[in-house]
Q: 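Got a structure for you, questions after.
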There are 2 protein chains.
Amino acid sequence: MPEPDIGDYPAPHVAVDVAVLTVLPTDELAVLLHRRTGDRSGQWALPGRFVRPRERLADAVAIALQEKCGLHTRELRGRAPHQLHLFDDPDRDDRGWVMSAAHLLGLPCSLLQDVIRSRDDLQLAPIADERARVSGQRRLPYGQDEIVRYAVVDIRERYRKEPDPEGLLEDRQFTLAELLAVHVAVLDEDWQVDTFRRHMLPMLADTGEVSTGRPGRPAAIYRRIAAAARHGNTTAERR
Amino acid sequence: MPEPDIGDYPAPHVAVDVAVLTVLPTDELAVLLHRRTGDRSGQWALPGRFVRPRERLADAVAIALQEKCGLHTRELRGRAPHQLHLFDDPDRDDRGWVMSAAHLLGLPCSLLQDVIRSRDDLQLAPIADERARVSGQRRLPYGQDEIVRYAVVDIRERYRKEPDPEGLLEDRQFTLAELLAVHVAVLDEDWQVDTFRRHMLPMLADTGEVSTGRPGRPAAIYRRIAAAARHGNTTAERR
DNA sequence: CCTTGTTATCGCATCATCGCGTTAACTCTA
DNA sequence: TAGAGTTAACGCGATGATGCGATAACAAGG
């Protein structure tokens, strides 16, 4: 799109907003919310921040999560935020013309709870009807309910097709029951075990290890096969 | 994402790029390319342009198509560009820090050909292997091959699921054979007629009219049922 | 060693989908 | 009016997917 007059126009500020999704120990999908530090009456919102000069969106997401939520390399390494949508309502922010690049990032609850435990400016809000359920607050500001909805629809679509694409399991090696529990939590619907097994096994590698320590046949331990290593998609992804 | 210091940072320029996809009379998927007017040796590129102050992305897309390609209300009315991805490589444009909001818009070929016929700065490039095939030009500039790929993957996914979601058919009323031809062209693979009929009929309304003028049983004429009017998705969209 | 409990596998009935040959419906033309 | 041609519908065999009861495998504990 060659166009010489780049300097002639003001530019929009671009912010990143992040729907950090996780699965609570109660097997509910939840989203991370943040409010202004020290402001107990402040509004809960998705974490985010403006993009700095020449900064990549993914880097802005990571820095936003570091600055606002105390999530650092330990939690974020090896994870890439998934871009959802660019929200462009020029009136969405009182301070000026801001576009919001909405993202989704999945994190295991165990990584979040350490961080959240010691702070009152963070919470995990359960998802109900594709929205964050926040006690005492009807809606998220800046149209962020829409971002949550995009994130929930997106993550559910992906969890129908492949095993734990957002890495919500704490461990990279897991049993089929653990995988199923996460999928059921994300999708908010049950899967029959045999059907689930048939869908997922082609995308999983048996580690050869088993889970012991309790009565019963030990469950096999699996890890995900990288998508690139798989040949073709499952039939569910074709017509 | 409340943050007080909006004025403190330079902002990226945001451009829109549009992959206008159509189906050629040869039943091939093609993308609209533009080059600088009067420059026969200029590079072919996707149409696009910078977003003006407080302009909506969809409006920027429409204006870009008007200014660069001569597509006006007649062609664009009732059509919404589909957002694909925000490309954020700060080095993607020599003129400065530019982000590109990539879009997809489907248009019937008949609407494009009137416009293109009289100009040498527009062409419809066939798609092969998810790329635009341009004679004498190996790649599109500004990483636009990636935009084309996103657009092709996206449109194919949607054409697997619902009838003519991008309105590539010239008419809003059509026969099943016409619909099938468009789907086969987009997906670049065949569908057995009965299977196609079973998939699409639940999302189509029989107009009661038939197509006459040639030997044989007249084909029924359908129109799409608006998605909102349909109750639930087809089973293909569930597991 | 036996019982309990859990996971994995299996066999199979049922249901859904697909593709194709056949039949029915309905136009156009000679 | 009959034949040709095209679309729509049907019947059905083959295939695939699902769910579930039964069985096998294998641990922990008494």
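In what follows, every chain begins at residue 1, and chains take the letters A, B, ... in the order their sequences are listed. What's counted below: heavy atoms across the whole structure, side chains too, no hydrogens, waters or symmetry copies.
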Q: Are any of R197(B)'s side-chain N or O atoms less than 4.0 Å away from OP1 or OP2 of dA8(D)?
A: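 Checking dA8(D) against R197(B), a side-chain N or O does come within under 4.0 Å of OP1 or OP2.
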Q: Rounded to the nearest angstrom, tell me the gap between atom CG in L204(A) and atom P in dA8(C).
A: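 After rounding, the gap between these two atoms is 11 Å.
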Q: Which comes earlier along DNA chain D counting from the 5' end, the contact point of L176(B) or that of P215(A), where each point is its nearest nucleotide?
A: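 That would be L176(B).
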Q: If you check the A219(B) side chain, which of dT27(C), dA8(D), dG19(C) turns out closest?
A: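 For A219(B), the side-chain atoms sit closest to dA8(D).
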Q: Take the protein atom CD of Q192(B) and the nucleotide atom P of dA8(D), then report the distance between them rounded to whole Å.
A: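 It works out to 13 Å between those atoms.
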Q: Mind calculating the distance between CG (L201(B)) and P (dC10(D)) to the nearest angstrom?
A: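 The answer, rounded to whole Å, is 12 Å.
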Q: If you draw a 6.0 Å radius around CZ in R56(B), do more than 12 non-hydrogen atoms from other residues or ligands fall strictly inside?
A: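 Counting other residues, nucleotides and ligands, CZ of R56(B) exceeds 12 neighbours.
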Q: Of the options dT7(D), dG5(C), dC10(C), whose atoms approach the side-chain atoms of D194(A) most closely?
A: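 The listed nucleotide nearest to D194(A)'s side chain is dC10(C).
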Q: Grab the CG-C1' distance between L180(A) and dT7(C) for me, whole Å please.
A: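 Rounded to the whole Å, the gap is 13 Å.
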Q: Between atom CD1 in I221(A) and atom C1' in dC26(D), what is the gap in whole Å?
A: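 For the pair I221(A) CD1 and dC26(D) C1', the rounded distance is 15 Å.
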Q: Here's a test of your reading of the structure: between R198(A) and R214(B), which maps to the more 5' nucleotide of DNA chain D?
A: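 Final value for this comparison: R214(B).
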Q: Choose from dT7(C), dC28(C), dT7(D) the nucleotide whose nearest atom is closest to any side-chain atom of R217(B).
A: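 Ranking dT7(C), dC28(C), dT7(D) by closest atom to the R217(B) side chain puts dT7(D) first.
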Q: Hey, can you tell me if Y150(B) and H85(B) have their rings parallel, tilted or perpendicular (30° and 60° cut-offs)?
A: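 Aromatic pair Y150(B)/H85(B) classed tilted.
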Q: Rounding to a whole Å, what distance do you find between M200(B):CE and dC18(C):P?
A: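 Interatomic distance, CE of M200(B) to P of dC18(C): 11 Å.
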Q: Using a cut-off of less than 4.0 Å, is there contact between a side-chain N or O of T195(B) and OP1 or OP2 of dG19(C)?
A: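 So the side-chain polar atoms of T195(B) do come within 4.0 Å of the phosphate oxygens OP1 or OP2 of dG19(C), strictly under.
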Q: For H199(A) and dA17(D), is the shortest distance between a side-chain N/O and OP1 or OP2 below 4.0 Å?
A: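 No.
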Q: Run the salt-bridge test on R131(B) and D145(B) with the 4.0 Å N-O cut-off and return the result as yes or no.
A: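 A salt bridge is present here (some side-chain N lies under 4.0 Å from a carboxylate O).
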Q: Rounded to whole Å, please give me the gap between CG in D206(A) and P in dT7(C).
A: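 Going from CG in D206(A) over to P in dT7(C) covers 15 Å.
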Q: For the residue pair R119(A) and I116(A), establish whether any side-chain heavy-atom pair is separated by less than 4.5 Å.
A: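 R119(A) vs I116(A): side chains apart.
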Q: Can you tell me the distance, in whole Å, between the CZ atom of F196(A) and the P atom of dT7(C)?
A: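 Between P of dT7(C) and CZ of F196(A): 14 Å.
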Q: Side chains of D164(B) and Y159(B): is there a donor and an acceptor less than 3.5 Å apart?
A: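 There is such a pair between these side chains.
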